[in-house]
Every structure is written in C-alpha cells, then in structure tokens.
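Only this structure's heavy atoms are used, side chains among them; waters, hydrogens and symmetry mates stay out.
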Amino acid sequence: MANAQDSRFVAAATKSGIAEIREGTLAIQRSPNIAVQEYGFWMQTDHTVLNQLLATAARAAGIPVPTTLDPEQQAGIDRLSRLHGAAFSRAFLPKEVTDHQEALAVFRTEVQRGQDPGLVRLARTSIPVIAAHLTEAQTLQAAHAWS
C-alpha cells in the first residue's frame with residue numbers, strides 16, 4: 001500500500017525527470033561544447049527510462065503520474081531556452097548540479113519513508129545513477145570554468 005510519501009515521490013521524481021529530458025534536449029541543441037551535449041544526451045536517455053519505470057511502478061501502486069511541470073520548473077527551462085553557446089553552458093551546468101542534489105534527496109527520502117515496495121526498490125536502485133549524473137555535472141562545471 002502506498003502512503004503520502006510515495007505520492008510525493010512520484011510527483012517530484014516524475015517532474016524532475018521531465019525537466020531533465022527537456023534540459024538535455026536544450027543542451028544538445030544549444031551548447032557548443034561536445035561534453036555538455038553528451039551530458040544532455042545522457043540526461044535524455046536515463047531520465048526517459050527512469051520515468052517509464054516510475055510510471056509503471058506508480059500505476060501499480062495506484063498513484064497518478066503527472067505529465068506537466070511545476071511553474072517554477074517550466075520557468076527554469078524557459079530561461080535556459082533563451083540562451084545559446086557558452087552562456088547556455090554557464091547556466092545549464094550549475095542548474096544540473098542543483099537539480100541532481102535535489103533529486104538525490106527526493107530518492108533518499110523515498111527509500112527511508114516510502115511504503116510501496118516497488119517504489120522504494122526503484123528509488124534505491126536509481127540513487128547510484130542520479131549520483132553519477134551529479135558527479136558528472138560537477139566535473140563538467142569544474143573543468144569548464146567557462147572561458
């Protein structure tokens with residue numbers, strides 16, 4: 001049986017994934033840096049799969065799956081979509097660091113407080129992937145102290 005934490009997790013994790021997919025697409029289109037473009041592709045790929053798995057687990061738990069972003073998330077994507085070149089990368093990478101720090105907290109909270117076994121298992125097995133995303137975003141940000 002799912003609890004309120006499980007519902008919060010599904011909403012937050014799904015919306016985070018939607019944002020990462022859209023931001024990854026922007027990185028591919030707008031960054032001149034191949035490493036940033038590759039990171040964007042990685043975000044598209046991993047978060048598409050994660051959101052598919054999350055939707056399946058959420059439906060099994062009887063939890064609705066959101067399909068839109070919060071206004072704050074959409075505003076962040078709108079800001080990024082107005083940028084090109086190095087200006088895009090300068091804004092994108094710090095956002096990726098923050099977004100993945102927040103996502104890790106959401107997934108760890110689900111592991112600690114979630115009740116639905118499928119959602120808790122998905123959160124637990126996803127943490128290493130999200131941590132890898134965070135590490136790479138931090139590495140890219142440090143390596144490209146944006147010249």
Side-chain angles (χ1 to χ4, degrees), residues 1-83 88-144:
M1 295 293 295
N3 63 10
Q5 166 55 40
D6 294 321
S7 294
R8 284 189 299 271
F9 169 69
V10 168
T14 300
K15 290 175 184 183
S16 173
I18 293 168
E20 288 302 324
I21 294 163
R22 291 181 184 174
E23 291 165 0
T25 300
L26 289 173
I28 293 166
Q29 297 169 344
R30 296 175 185 269
S31 178
N33 185 289
I34 191 71
V36 174
Q37 292 172 12
E38 285 295 321
Y39 182 83
F41 181 74
W42 189 25
M43 294 307 95
Q44 281 184 324
T45 304
D46 283 4
H47 287 283
T48 296
V49 171
L50 180 55
N51 271 18
Q52 291 168 346
L53 295 170
L54 185 56
T56 299
R59 280 192 289 277
I63 298 172
V65 179
T67 58
T68 60
L69 298 173
D70 290 334
E72 180 182 312
Q73 290 169 309
Q74 185 59 54
I77 290 171
D78 292 345
R79 280 189 296 278
L80 283 177
S81 69
R82 291 189 288 271
L83 301 173
F88 174 86
S89 298
R90 276 193 299 274
F92 173 72
L93 290 171
K95 185 172 185 344
E96 287 300 298
V97 169
T98 300
D99 288 352
H100 283 90
Q101 288 169 336
E102 292 171 0
L104 274 174
V106 166
F107 279 72
R108 287 177 176 148
T109 299
E110 177 62 12
V111 169
Q112 295 169 353
R113 298 188 187 138
Q115 188 170 333
D116 182 80
L119 290 169
V120 170
R121 184 173 38 258
L122 178 63
R124 183 180 297 110
T125 59
S126 299
I127 286 172
V129 175
I130 296 167
H133 292 171
L134 172 59
T135 299
E136 184 63 16
Q138 291 168 326
T139 300
L140 286 170
Q141 185 178 10
H144 296 96

Please give me the minimum heavy-atom distance between [X] and [Y], naming the atom from each residue.
X    : Y    : result
Q74  : L69  : OE1-CD1, 3.6 Å
A61  : L119 : CB-CD1, 4.2 Å
Q141 : P94  : NE2-CG, 3.4 Å
V120 : Q115 : CG2-N, 4.1 Å
A13  : N51  : O-OD1, 3.8 Å
E96  : A137 : CB-CB, 3.9 Å

Show me the side-chain donor-acceptor pairs of residues 106-113 shorter than 3.5 Å, one per line, residues at least two apart or across chains.
| from | atom 1 | to | atom 2 | distance (Å) |
| --- | --- | --- | --- | --- |
| T109 | OG1 | A105 | O | 2.8 |
| E110 | OE1 | Q5 | NE2 | 3.1 |

### Task
Quick one: do E23 and M43 satisfy side-chain contact (heavy atoms from CB on, under 4.5 Å)? Show the steps, please.
CA-CA 8 Å; E23 291 165 0; M43 294 307 95; over 6 Å; no
Supply the atom-to-atom distance [X] [atom1] to [Y] [atom2], rounded to the nearest 0.5 angstrom.
X    : Y    : atom1 : atom2 : answer
Q138 : E136 : CD    : CD    : 10.0 Å
D116 : S7   : CG    : OG    : 9.5 Å
D99  : I130 : CG    : CD1   : 11.5 Å
R22  : T25  : CZ    : OG1   : 9.5 Å
I77  : E72  : CD1   : CD    : 11.5 Å
R30  : L83  : CZ    : CG    : 8.0 Å

Residue pair [X] / [Y], side-chain heavy-atom distance below 4.5 Å:
X    : Y    : value
F92  : V36  : yes
T68  : I18  : no
L104 : Q101 : no

### Query
Can you say whether the rings of W42 and Y39 are parallel (under 30°), tilted (30 to 60°) or perpendicular (over 60°)?
perpendicular
### Query
Relative to each other, are the rings of H100 and H133 parallel, tilted or perpendicular (30° and 60° limits)?
perpendicular
Where the side chain of [X] meets the backbone of [Y], is there a donor-acceptor pair that is under 3.5 Å apart?
X    : Y    : answer
S81  : D78  : yes
N33  : A35  : yes
T125 : R121 : yes
T45  : F41  : yes

### side-chain contact (heavy atoms from CB on, under 4.5 Å) assessment of V65 paired with L54
CA-CA 9 Å; V65 179; L54 185 56; over 6 Å; no
### Task
Begin from the C-alpha positions of D46 and V129 and carry the test side-chain contact (heavy atoms from CB on, under 4.5 Å) through to its verdict.
CA-CA 8 Å; D46 283 4; V129 175; 3.6 Å; yes
### Query
What's the verdict on side-chain contact (heavy atoms from CB on, under 4.5 Å) for V10 and D6, showing C-alpha distance, side-chain angles and the deciding distance?
CA-CA 6 Å; V10 168; D6 294 321; 5.6 Å; no
